[in-house]
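Quick notes on the structure that follows.
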Amino acid sequence: MRRIRDYHPKHLLRQSLAIIAIGIVVGVFVNLISPKSIAWVGVWKVAYDSTGMVKPDYFEEQDTLIMIDEAIAMYQSNNTVFIDARFPEDYEMGHIKGALLLPFEEYDDYIDEIRSEVPKDAPIVTYCSEEDCDASLYLARILREDEGYKEIYTLYGGYEKWLEAQMPIEKGYPQR
Amino acid sequence: MNRYLSIFALIFRIALGITFIYASFDKISHPAEFAKIIHNYRILPGYLINIFAIALPWIELISGLFLVVGFLRGGALSIIISLLIVFMIAIGINIIRGVNLSCGCFTVSEMAKSNSWSTFIRDTWLFAMALFIYFFDSSALALDRFIKEKTD
């Protein structure tokens, strides 16, 4: 019988280093062969493009981000459906006036309503709270790829930009 | 008395090991998402984020596995204790900053925002379990028994 506290610290350190070394070797090896491999050094600095948009680091080619002015123009055209990807509590506290609720985290509970209310060819704008949230982008991908919605945009800067632009909002739950 | 302590230590050893094994799965299968979560903590410099996302889940997995089977369990436990301290500091820093982030503990699901305080408290429990193992684990059902070690 040998308790761990009886080990000499040097011994524990040696064992730890051995495990860390194995972990790094396996991790590096898997990252070499895995289809999901990532760059050894990521680009985590923000990069601006010509429109002043900071492409988020989780941005993918098929994503269609729009700036607040485009979103406002679409809102005013009246045929665009706005979908709120945040939590129901956030939605309740205030959302884009007329926006439907489809929390990314509780997708299964809400998607049926979206299916029945939003035609597949309707232009959709998803949004979440601000620049750093990514729920709206992921939601847009799911709606595009799994639900077959054809025209999906994501509001860059989300609800924060909407508030800054002093566009109409409402509180509470119109649905359910 | 001692016997009960070592039985509990064995149960804790296996439970803690399984916790770490389980925690590693989602991160291993989604390295890019996990890197994003590390980035969200805004603690590590950018150039270190990806290498952490590549290696850390495997270190968790191997430590957890070794703790369960009792192989190099002293080292495995030391790593787990160190990781828990690092996690608590990282979460603590973000509690102080007032940032509520998805902790990336067991899932890398985007926006899976957890209450940082409950994460912190859970880590404290795991930490207490780890300390218990440190003091009372008797190498029962441990591969370490079959390994000749220098008693330095």
Side-chain angles (χ1 to χ4, degrees), chain A residues 1-32 34-46 56-58 60 85-87 89-90 103-107 128-129 132-139 141, chain B residues 6 9 13 24 28-36 38-40 44-63 65-66 71-79 82 99 101 109-113 133-140 142 144-145 149-152:
Chain A
M1 179 174 107
R2 187 149 187 223
R3 294 184 197 288
I4 298 172
R5 66 172 176 209
D6 301 332
Y7 282 80
H8 192 279
K10 208 169 69 189
H11 212 105
L12 293 179
L13 184 68
R14 210 156 44 208
Q15 289 191 359
S16 305
L17 292 178
I19 295 173
I20 291 172
I22 300 172
I24 293 175
V25 169
V26 177
V28 165
F29 178 73
V30 169
N31 195 57
L32 280 173
S34 160
K36 287 184 191 160
S37 65
I38 58 175
W40 303 108
V41 178
V43 184
W44 293 103
K45 285 201 189 82
V46 286
D57 34 53
Y58 38 84
E60 288 176 9
R86 298 172 303 161
F87 287 96
E89 304 88 76
D90 298 327
F104 179 71
E105 278 297 300
E106 295 163 37
Y107 182 82
C128 48
S129 50
D132 276 339
C133 72
D134 44 14
S136 53
L137 261 186
Y138 288 105
L139 184 67
R141 285 179 204 162
Chain B
S6 53
R13 208 184 78 207
S24 70
I28 286 175
S29 42
H30 303 97
E33 287 79 359
F34 184 49
K36 170 83 173 48
I38 299 178
H39 172 68
N40 284 347
L44 276 186
Y47 57 88
L48 282 181
I49 289 176
N50 280 25
I51 198 70
F52 257 73
I54 290 167
L56 184 66
W58 286 99
I59 294 173
E60 285 183 343
L61 176 67
I62 294 166
S63 306
L65 207 63
F66 280 12
F71 177 65
L72 303 183
R73 68 194 204 294
L77 188 72
S78 308
I79 290 176
S82 317
V99 180
L101 34 72
S109 155
E110 306 79 17
M111 302 298 291
K113 293 209 171 156
I133 298 165
Y134 177 78
F135 285 109
F136 300 116
D137 185 80
S138 63
S139 73
D144 280 346
R145 290 199 157 200
E149 288 169 272
K150 275 184 290 176
T151 41
D152 52 348

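Heavy atoms only: backbone and side chains are in, while hydrogens, waters and symmetry mates are out.
- Of the atoms belonging to B:F135, heavy atoms from both backbone and side chain fall under 4.5 Å from chain A.
- Of the residues considered (B:I54, B:I59, B:L48), B:I54 shows the highest number of contacts with chain A, using heavy-atom pairs under 4.5 Å.
- When heavy atoms are compared at a cutoff of 4.5 Å, B:I133 approaches chain A by way of both its backbone and its side chain.
- For A:V25, no part lies near chain B; criterion is any non-hydrogen pair under 4.5 Å.
- Counting heavy atoms from C-beta on, the side chains of A:I22 and B:W58 never come closer than 4.5 Å.
- Shortest non-hydrogen contact noted between A:I24 and B:A55 is CG1-CB, 3.9 Å.
- Ranked by heavy-atom pairs under 4.5 Å with chain A, the list B:S63, B:P31, B:A9, B:A140 is led by B:P31.
- When heavy atoms are compared at a cutoff of 4.5 Å, B:I51 approaches chain A by way of both its backbone and its side chain.
- Contacts of B:S29 with chain A are made by both backbone and side-chain atoms, with heavy-atom separations under 4.5 Å.
- Minimum heavy-atom separation, B:G75 to A:Q15: N-OE1, 2.7 Å.
- Between B:F34 and B:L56 the shortest side-chain heavy-atom distance falls below 4.5 Å.
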Could you walk me through whether A:N31 and A:W40 pass side-chain contact (heavy atoms from CB on, under 4.5 Å), step by step?
-> CA-CA 9 Å; A:N31 195 57; A:W40 303 108; 3.4 Å; yes
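- No hydrogens or angles considered: nothing links the side chains of A:Y7 and A:R14 as a donor-acceptor pair under 3.5 Å.
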